[in-house]
Novice: 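Here it is: the structure, laid out below.
Numbers restart at 1 for each chain; the letters A, B, ... are given by sequence-line order, proteins then strands.
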Number of protein chains: 2
Amino acid sequence: MNFMSTNQPKKPSKSDRTRAQILDAARQLFAEHGYDGASIRDIAALASIDPAMVIRYFRSKDELFARAALLDLQLPATQVTDRASIGDAIIRRFLRTWENSPSATGMVILLRSAASNEFAAEKVRDVFATQVRPVVAPFGDPADAGRRAGLVASQLLGLATCRYLLRLPPVVALSHEEIIRDVGPVLQRYATGAD
Amino acid sequence: MNFMSTNQPKKPSKSDRTRAQILDAARQLFAEHGYDGASIRDIAALASIDPAMVIRYFRSKDELFARAALLDLQLPATQVTDRASIGDAIIRRFLRTWENSPSATGMVILLRSAASNEFAAEKVRDVFATQVRPVVAPFGDPADAGRRAGLVASQLLGLATCRYLLRLPPVVALSHEEIIRDVGPVLQRYATGAD
DNA sequence: AATAAAAGTCACCGATCGTTGACAAATGGA
DNA sequence: TCCATTTGTCAACGATCGGTGACTTTTATT
């Protein structure tokens, strides 16, 4: 009979744990040191396995990086909102994405590597195109959509850079409430193009 | 007599040209590919000299990087201004620094390398402490100075990241006038802490 | 218990890196 | 012209990198 063999619904078995260990170690080191700064040997050592296993499970360092950066990049959707609260909605989603979602580490990895890794840079541009632009576009002059989205991206990426990469003390010290209160209105202004 | 021998006021001779060639090549490649991405051999090839000369003139890659990033980091001073135009003054100095000063390349080098090079990251924090904070501090509640300066830095660094590193098309396309008009008021708000 | 597949170990390849030191060529003052 | 200093060339070092393949151990099935 064997009526549940086509899919593999249960497979907690064996090697998948090693796979997950490697991915966890890779995410951690990529997030800390970027693509170049994290070697396969370092990742293997952190995962307590042999370096050859890293290549065995993921075919190359590039592929491992892509998995580590993208696998869990399930960004929370922006709940539909009205024009008056779009800035507030964006900054709240930003905080949710960067501090309370499984994608948080992936975002740090991407941003840290984007400065010197073209694949990561392209992926950041892609996140902009799919996550920022469509959200901002409907709330102003369509001819302005690119400019408005670009301004929003500049503020969001700057906040992320200062808070999660450079760890600029006064920016790290900001509470969620302060960020929402101070940055929200700026995003509102950028997103709608109002003066 | 030899009354001018303690200092060496004139030395256009010979090797200084090679030195300058190496520095120029290093600045260009560090700015394009970051610290790790630019090898001494690449720099030497671009300068049309032997890799060993790079070490001969600068003692190590670290020292060369420090020279390339800091040598010409003479940021233009912010002219004193009144409270009402501080945002405008900051964004104008930003554009002058990043697009019309010999420090421009050094800034790109620092920012691109800061994501994965601790020396560069520390230097960026230093630029923040010496260039942003003191400018912003006098125009609001002294207890707020850190927060206000941090918000200003987040917007400035974000703009630089999008425009000069990631080259996000809509941000690259912004004219100086647009940037001054759109970002200036935001910096004004951040710097003064007004609502 | 026998056995085939899976999982893990180990030594090593070729490439590239920063750096060194021995040596040759060019330079300039005596 | 002689000679010492500067300037440039060359080969190679040790280390590290990503990646490969042969091998042994474990696991699971019959």
Side-chain angles (χ1 to χ4, degrees), chain A residues 1-2 4-5 8 10-27 29-30 32-69 109 113 116-120, chain B residues 1-2 4-5 8 10-27 29-30 32-69 109 113 116-120:
Chain A
M1 231 160 280
N2 198 4
M4 53 155 72
S5 63
Q8 51 273 35
K10 44 178 178 181
K11 249 196 180 178
S13 51
K14 221 41 203 132
S15 72
D16 296 345
R17 262 227 346 248
T18 307
R19 231 187 143 80
Q21 284 176 17
I22 297 174
L23 252 184
D24 283 346
R27 285 206 196 96
L29 292 185
F30 281 143
E32 283 178 20
H33 306 112
Y35 180 84
D36 291 321
S39 72
I40 286 185
R41 285 171 170 82
D42 292 339
I43 293 170
L46 183 60
S48 304
I49 49 100
D50 192 276
M53 299 300 294
V54 177
I55 300 296
R56 210 170 171 65
Y57 282 90
F58 309 85
R59 301 171 40 84
S60 68
K61 187 183 182 183
D62 286 317
E63 200 160 315
L64 173 61
F65 180 77
R67 294 293 178 123
I109 292 174
S113 303
S116 51
N117 183 287
E118 189 49 37
F119 168 80
Chain B
M1 228 161 280
N2 198 4
M4 52 153 72
S5 66
Q8 50 273 32
K10 45 178 177 180
K11 250 195 179 180
S13 49
K14 219 49 202 125
S15 71
D16 297 345
R17 262 229 345 248
T18 308
R19 230 186 144 80
Q21 284 177 18
I22 297 173
L23 253 184
D24 282 347
R27 285 205 197 94
L29 292 185
F30 281 143
E32 283 179 19
H33 306 112
Y35 179 85
D36 290 320
S39 72
I40 286 186
R41 285 173 168 83
D42 291 339
I43 293 169
L46 183 59
S48 303
I49 49 100
D50 192 278
M53 300 298 295
V54 177
I55 300 295
R56 210 171 174 64
Y57 281 90
F58 308 84
R59 300 172 40 86
S60 68
K61 187 184 182 182
D62 286 315
E63 201 160 315
L64 173 62
F65 180 78
R67 295 291 178 123
I109 291 174
S113 301
S116 52
N117 183 286
E118 190 49 38
F119 168 81

Novice: Taking side-chain hydrogen bond (donor to acceptor under 3.5 Å, both in side chains) as the cut-off, I'd like each qualifying pair that reaches into residues 36-51 of chain A, sequence neighbours left out, listed once.
Specialist: S39(A)-D42(A)
Novice: At under 4.0 Å between heavy atoms, how does the protein contact nucleotides 15-21 of chain D? Give one character per nucleotide, 5' to 3', with B, S or -.
Specialist: --BBBBB
Novice: Who pairs with D24(A) by side-chain contact (heavy atoms from CB on, under 4.5 Å), at least two apart in sequence or on another chain?
Specialist: R27(A)
Novice: What is the distance, rounded to the nearest whole Å, between atom CE of M53(B) and atom P of dC23(C)?
Specialist: 19 Å
Novice: Would you mind reading off the distance between D16(B) atom CG and dT6(D) atom C1', rounded to a whole angstrom?
Specialist: 12 Å
Novice: What are the two closest non-hydrogen atoms of V54(A) and A44(A), and how far apart are they?
Specialist: CG2-CB, 3.9 Å
Novice: Reckon T18(A) has a side-chain N or O less than 4.0 Å from the OP1 or OP2 of dA7(C)?
Specialist: no
Novice: Give me each pair satisfying side-chain hydrogen bond (donor to acceptor under 3.5 Å, both in side chains) with a member in residues 54-65 of chain B, each pair once, sequence neighbours excluded.
Specialist: Y35(B)-D62(B)
Novice: For the pair L23(A) and L64(A), evaluate side-chain contact (heavy atoms from CB on, under 4.5 Å) and give the outcome as yes or no after the intermediate values.
Specialist: CA-CA 8 Å; L23(A) 252 184; L64(A) 173 61; 4.3 Å; yes
Novice: Specify the separation, in whole Å, of atom CG of N117(B) and atom P of dG18(C).
Specialist: 13 Å
Novice: Rounding to an integer number of Å, can you tell me how far H33(B) NE2 sits from dC17(C) C1'?
Specialist: 16 Å
Novice: Can you name the residues that form a side-chain contact (heavy atoms from CB on, under 4.5 Å) with A38(B), not counting sequence neighbours?
Specialist: L29(B), F30(B)
Novice: Need one value for Y57(B): base, sugar-phosphate or nothing, where a base atom within 4.0 Å counts as base even if backbone is also close, heavy atoms only.
Specialist: sugar-phosphate
Novice: Round to a whole Å and report the spacing from CD1 of I22(B) to P of dG18(C).
Specialist: 14 Å
Novice: Just the rounded figure in Å: distance from P of dT20(C) to CZ of F58(B).
Specialist: 16 Å
Novice: What is the distance, rounded to the nearest whole Å, between atom CZ of R17(A) and atom P of dG8(C)?
Specialist: 9 Å
